[in-house]
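Before any comments, here is the structure.
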Amino acid sequence: MAAAAAGAVPAAAVAAAGAEPAAAAAAAAGPGEEAGAGPLCPGPLRLARLPLARVKALVKADPDVSLASQEAVYILARAAELFVETIAKDAYVYAQQGKRKTLQRKDLDNAIEAIDEFAFLEGTLD
């Protein structure tokens with residue numbers, strides 16, 4: 001997250017995350033493909049976009065964790081994806097207010113300050 005926050009994120013990537021209704025996406029999916037697979041995602045859509053092996057390694061880096069089931073790793077990966085999507089969409093609103101199409105660190109800072117759900121992140125980008 002910190003690496004993404006330090007650089008700029010194209011707004012098209014954020015806007016594409018929820019731009020197409022699920023019904024239209026399901027109708028557009030070919031045989032063997034799930035809804036949401038597009039030109040940037042060849043073949044079937046993966047259930048989790050984050051690499052599960054990396055997520056598992058991060059979970060196991062905690063000294064209090066000795067084992068992590070595949071289901072738990074998947075749920076953590078999916079939760080992280082949804083979190084990143086949510087904060088990126090909220091930060092994108094601030095980029096649009098600044099008449100920009102690229103997310104900047106100040107957009108993330110503004111979203112963190114303005115939205116109560118992100119209060120736990122205050123000071124993390126300093």
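Since the model is a prediction, treat every value here as computed from it, not as a measurement.
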Any pair counted as side chain to side chain donor-acceptor pair (under 3.5 Å), so long as it reaches residues 74-83, sequence neighbours left out: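 Residue pairs passing side chain to side chain donor-acceptor pair (under 3.5 Å), neighbours aside: Arg78-Glu81.
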
Within the 4.5 Å heavy-atom criterion, are Val84 and Leu50 side-chain neighbours or not?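 Val84 vs Leu50: side chains apart.
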
Any non-hydrogen side-chain atom of Thr86 less than 4.5 Å from a side-chain atom of Phe118?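 Of all side-chain heavy-atom pairs linking Phe118 with Thr86, at least one is under 4.5 Å.
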
Point-to-point distance, once rounded to the nearest 0.5 Å, from [atom1] of [X] to [atom2] of [Y]:
| X | Y | atom1 | atom2 | answer |
| --- | --- | --- | --- | --- |
| Tyr92 | Leu108 | OH | CG | 14.0 Å |
| Asp107 | Ile112 | CG | CD1 | 11.0 Å |
| Arg49 | Glu85 | CZ | CD | 7.0 Å |
| Phe120 | Glu122 | CZ | CD | 10.5 Å |
| Glu71 | Leu76 | CD | CG | 12.0 Å |

Are the side chain of Asp62 and the backbone of Val59 linked by a donor-acceptor contact shorter than 3.5 Å?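 Side chain of Asp62 to backbone of Val59: no pair is present.
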
Transitive ILVMFWY side-chain link Val93 to Leu103, under 4.5 Å: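 Val93 does not cluster with Leu103.
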
Given Ile115, which of Leu121, Asn110, Asp90 fulfils the side-chain contact (heavy atoms from CB on, under 4.5 Å) condition?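 The single option meeting the side-chain contact (heavy atoms from CB on, under 4.5 Å) with Ile115 is Asp90.
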
